[in-house]
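Reading through the structure tokens given below for one structure.
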Amino acid sequence: MKKILVIYPDWNVTKIALFEGENKLLEKIITHDKTILLTYESIIDQFNYRKKQVIHSLNQLCISINELDAIAARGGVLSPMPSGTYIVNETIVDYLRTK
């Protein structure tokens, strides 16, 4: 079965869940220090900080990102587009960094 990490970034927390197939293996809320978040100019600037926090949380649970088959996430302000699932590519990442 495929292992999928789901990431839901919110204002001062990042919610994560790990699924194997349809079975939820874990769910965790990572709370971020608001004073640290305020040091970043924009939300995209928080990427590396939040990424390290997610990886650290997975490591504490003895889960390596190398075990994951996919990562699904909510977030990003894109132009209006049909609902659905999209593969995040460099075009989308560049758009998010510059808008």
Side-chain angles (χ1 to χ4, degrees):
M1 291 219 187
K2 304 284 186 188
K3 283 189 180 175
I4 301 169
L5 176 65
V6 179
I7 303 172
Y8 185 105
D10 209 346
W11 155 232
N12 71 320
V13 298
T14 301
K15 300 171 186 177
I16 62 172
L18 181 65
F19 290 85
E20 188 165 27
E22 294 182 15
N23 300 317
K24 186 181 346 177
L25 302 178
L26 71 92
E27 184 174 11
K28 183 172 183 175
I29 297 174
I30 304 165
T31 303
H32 306 294
D33 184 331
K34 292 177 187 177
T35 57
I36 292 173
L37 294 179
L38 290 171
T39 65
Y40 295 97
E41 192 170 312
S42 69
I43 196 93
I44 195 74
D45 294 332
Q46 297 174 11
F47 173 77
N48 286 326
Y49 168 74
R50 287 183 185 248
K51 178 181 174 183
K52 286 178 187 174
Q53 297 294 310
V54 169
I55 291 171
H56 177 70
S57 292
L58 291 174
N59 288 340
Q60 285 183 316
L61 300 167
C62 298
I63 298 166
S64 166
I65 60 170
N66 297 326
E67 297 176 47
L68 304 176
D69 296 293
I71 299 173
R74 175 212 165 265
V77 180
L78 298 169
S79 298
M81 53 201 299
S83 63
T85 304
Y86 293 87
I87 294 174
V88 177
N89 58 27
E90 284 304 313
T91 303
I92 291 175
V93 172
D94 288 343
Y95 179 87
L96 292 169
R97 283 188 179 132
T98 59
K99 298 299 176 192

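Every heavy atom of this structure was used, including side-chain atoms; hydrogens, water molecules and symmetry mates were not. All of these numbers come straight from a predicted model, not from anything done at the bench.
- Under the side-chain hydrogen bond (donor to acceptor under 3.5 Å, both in side chains) test applied with Thr14, the options Lys51, His32, Gln46 reduce to a single match, His32.
- Across Ile92 and Leu78, no two heavy atoms sit closer than the pair CG2-CD2, 4.2 Å.
- For Glu41, the CD atom counts as loosely surrounded, since its 6.0 Å shell holds 12 or fewer non-hydrogen atoms of other residues, nucleotides or ligands.
- Between Leu58 and Ile16 there is a side-chain heavy-atom pair separated by less than 4.5 Å.
- Trp11 places a side-chain heavy atom less than 4.5 Å from the side chain of Lys34.
- With rounding to the nearest 0.5 Å, the separation of CG in Leu26 from CD1 in Ile63 is 4.5 Å.
- Pro9 and Arg74 get closest at one heavy-atom pair: CD-O, 3.0 Å.
- Taking OH from Tyr8 and CD from Glu27, the interatomic distance works out to 12.5 Å, rounded to the nearest 0.5 Å.
- Tyr95 and Tyr86 fall within a single hydrophobic cluster, where Ile, Leu, Val, Met, Phe, Trp and Tyr side chains are chained together by heavy-atom contacts under 4.5 Å.
- To the nearest 0.5 Å, atoms CD1 (Ile65) and CG (Asn59) are separated by 8.5 Å.
- Using a 4.5 Å cut-off on side-chain heavy atoms (C-beta onward), Val54 and Lys28 make no contact.
- In the displayed structure, Met81 atom CE is contacted under 6.0 Å by more than 12 heavy atoms of other residues, nucleotides or ligands.
- If you take CG on Asp45 and CZ on Arg97, they are separated by 10.0 Å, rounding to the nearest 0.5 Å.
- Counting only distance, with no hydrogens or angles, the side chain of Asp69 and the backbone of Ile4 share no donor-acceptor pair below 3.5 Å.
- Of all heavy-atom pairs spanning Ala17 and Lys24, the tightest one is CB-CD, 4.5 Å.
- Note: Asp33 CG to Thr39 OG1 = 9.0 Å, rounded to the nearest 0.5 Å.
- Leu37 and Arg50 get closest at one heavy-atom pair: CD1-NH2, 3.9 Å.
- In this structure, the side chains of Leu18 and Leu68 come closer than 4.5 Å at one or more pairs of heavy atoms.
- The backbone N or O of Thr91 lies less than 3.5 Å from no partner atom in the side chain of Asp94, so there is not a single donor-acceptor pair.
- Rounding to the nearest 0.5 Å places CD1 of Ile71 at 5.5 Å from CD1 of Ile7.
- For CD1 of Ile29, the number of neighbouring non-hydrogen atoms (other residues, nucleotides, ligands) closer than 6.0 Å is 12 at most.
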